[in-house]
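Below, all heavy atoms of this structure are taken into account, side chains as well, without hydrogens, waters or symmetry copies. In what follows, residues are counted from 1 in the order of the sequence shown.
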Amino acid sequence: MRPFLEAGESILGHEPAGGYEDRCWVLHTIHDGARRVRWREVLAGAGRRLEDWPHTPSYLVLAGIDGREDHEGPSAGEIDRDCLARLVTLLARHSAEGPDTPCYAAQAAIEDAGAPVPARHGRLGDALAHHDFCSGRGGGWGQFPANWWAADGSWFVLTDWDLSATEVFGGAALVAALLADDELEAVRMPSIAEALARA
């Protein structure tokens, strides 16, 4: 597992060094009461545009917007359940074994980058149950994995600790499906590597 995660200059919690046709960000959910609100809608209310944000998608995109205190989300550092459910559906459609696709998952402790990295193996279709387990509904691991990927290497998913979106790498058809999906708010924004290069 470690050679895969550390290919090139990438480390756990960061992007893989190549090997995928395309990538995009899935923005974590914002709610206004029971209603789901798109990031673009929140920004438009403040006369701002998502396209003008030159960095990765974090809570800072939405900073300083009046009325934000009335919204719940987006979650930082971990994909929310709504996004995860839809993402798993689309990943399954673009995986040879569907929900039975074997996957790996890993979560590094932010507090101790040198600590051993626990890894898990499972099925794509078990992701929601694992999310619930990590969220305290069944006790457990504490946080949904930062990195998870298909065992055959066809796609790779990551959520960095301070971002409010999840980055998905994979084939062009998968990324096109994510960007076109009505339930997800998937966008093209700078990658972590691109944002770091600009800093």
Seminar exercise, completed: Sorted by chain and number, sequence neighbours left out, side-chain hydrogen bond (donor to acceptor under 3.5 Å, both in side chains) with Ser95 holds for Trp155
Problem set entry | Separation between CG of Asp82 and CG of Leu87, rounded to the nearest 0.5 Å | 12.5 Å
Problem set entry | Sequence-distant partners of Glu41, salt bridge (charged side-chain N to carboxylate O under 4.0 Å, His left out), two or more places apart | Arg35
Exercise. Of all heavy-atom pairs between Val88 and Ala127, which one has the smallest distance, and what is that distance?
Worked result: CG2-CB, 3.7 Å
For this session: State the CD-CG distance between Glu72 and Asp80, to the nearest 0.5 angstrom.
Result: 9.5 Å
Problem set entry | Selection residues 86-105 - residue pairs positive for salt bridge (Lys or Arg N to Asp or Glu O under 4.0 Å), sequence neighbours left out | Arg86-Asp181, Arg86-Glu183, Asp100-Arg123
Exercise. Can you tell me how far CD of Glu78 sits from CG of Leu84, rounded to the nearest 0.5 angstrom?
Worked result: 9.5 Å
Problem set entry | Met189 reachable from Leu179 in the ILVMFWY side-chain graph, under 4.5 Å edges | no
Show me the donor-acceptor pairs, under 3.5 Å and distance only, between side chains in residues 59-67 and residues at least two apart or in other chains.
none

For this session: Anything under 30° is parallel, anything over 60° is perpendicular, the rest tilted; go ahead and classify Phe169 against Phe156.
Result: perpendicular
Exercise. Would you say the side chain of Ile30 lies within less than 4.5 Å of the side chain of Arg38, judging by non-hydrogen atoms?
Worked result: no
Exercise. Under the salt bridge (charged side-chain N to carboxylate O under 4.0 Å, His left out) test, which residues partner Arg48, sequence neighbours left out?
Worked result: none
For this session: Starting at CH2 of Trp149, measure out to CG of Leu124 and round the result to the nearest 0.5 Å.
Result: 14.0 Å
Exercise. What are the two closest heavy atoms between Val175 and Val168, and how far apart are they?
Worked result: CG2-O, 4.5 Å
Exercise. Rounded to the nearest 0.5 Å, how far apart are OG1 of Thr56 and CG of Leu163?
Worked result: 4.5 Å
Exercise. Any donor and acceptor pair, going by atom type alone, linking the side chain of His131 with main-chain N or O of Ile79 inside 3.5 Å?
Worked result: yes
Seminar exercise, completed: side-chain contact (heavy atoms from CB on, under 4.5 Å) filter on Ala165, not counting sequence neighbours, yields Trp25, Leu27, Pro57
Problem set entry | Least distance between heavy atoms, Leu90 atom then Leu174 atom | O-CD1, 4.1 Å
Problem set entry | Contacts of His31 that satisfy ring-ring contact (aromatic ring centres under 6.0 Å, His included) - sequence neighbours left out | none
Exercise. Ser154: what forms a side-chain contact (heavy atoms from CB on, under 4.5 Å) with it, not counting sequence neighbours?
Worked result: Ala150, Asp152
Problem set entry | Contact check, side chains of Arg40 and Val187, non-hydrogen atoms, under 4.5 Å | yes
For this session: State, with a plain yes or no, whether a side-chain heavy atom of Leu91 is found less than 4.5 Å away from one of Val157.
Result: yes
Problem set entry | Closest heavy-atom pair and its distance - Leu178, Ala186 | O-CB, 3.3 Å
Exercise. Hey, are Glu185 and Arg36 close enough for a salt bridge, meaning a charged N less than 4.0 Å from a carboxylate O?
Worked result: no
Seminar exercise, completed: Minimal heavy-atom distance between Thr166 and His28, with the atoms involved, is OG1-NE2, 2.8 Å
For this session: Compare all side-chain heavy atoms of Trp53 with those of Pro190 and state whether any distance is below 4.5 angstrom.
Result: no
Exercise. Residues two or more places apart in sequence or in another chain: which of them pass side-chain contact (heavy atoms from CB on, under 4.5 Å) with Ser191?
Worked result: Glu15, Arg23, Glu167, Ala193, Glu194
Problem set entry | Under the side-chain hydrogen bond (donor to acceptor under 3.5 Å, both in side chains) test, residues paired with Ser164 that sit two or more places apart | none
For this session: List for me each residue that meets side-chain contact (heavy atoms from CB on, under 4.5 Å) alongside Asp162, sequence neighbours excluded, and say none if there are none.
Result: Asp160
Seminar exercise, completed: Scanning both residues in full, the closest heavy-atom pair of Thr29 with Cys83 reads OG1-SG, 3.3 Å
Problem set entry | Contacts of Arg188 that satisfy side-chain hydrogen bond (donor to acceptor under 3.5 Å, both in side chains) - sequence neighbours left out | Asp22
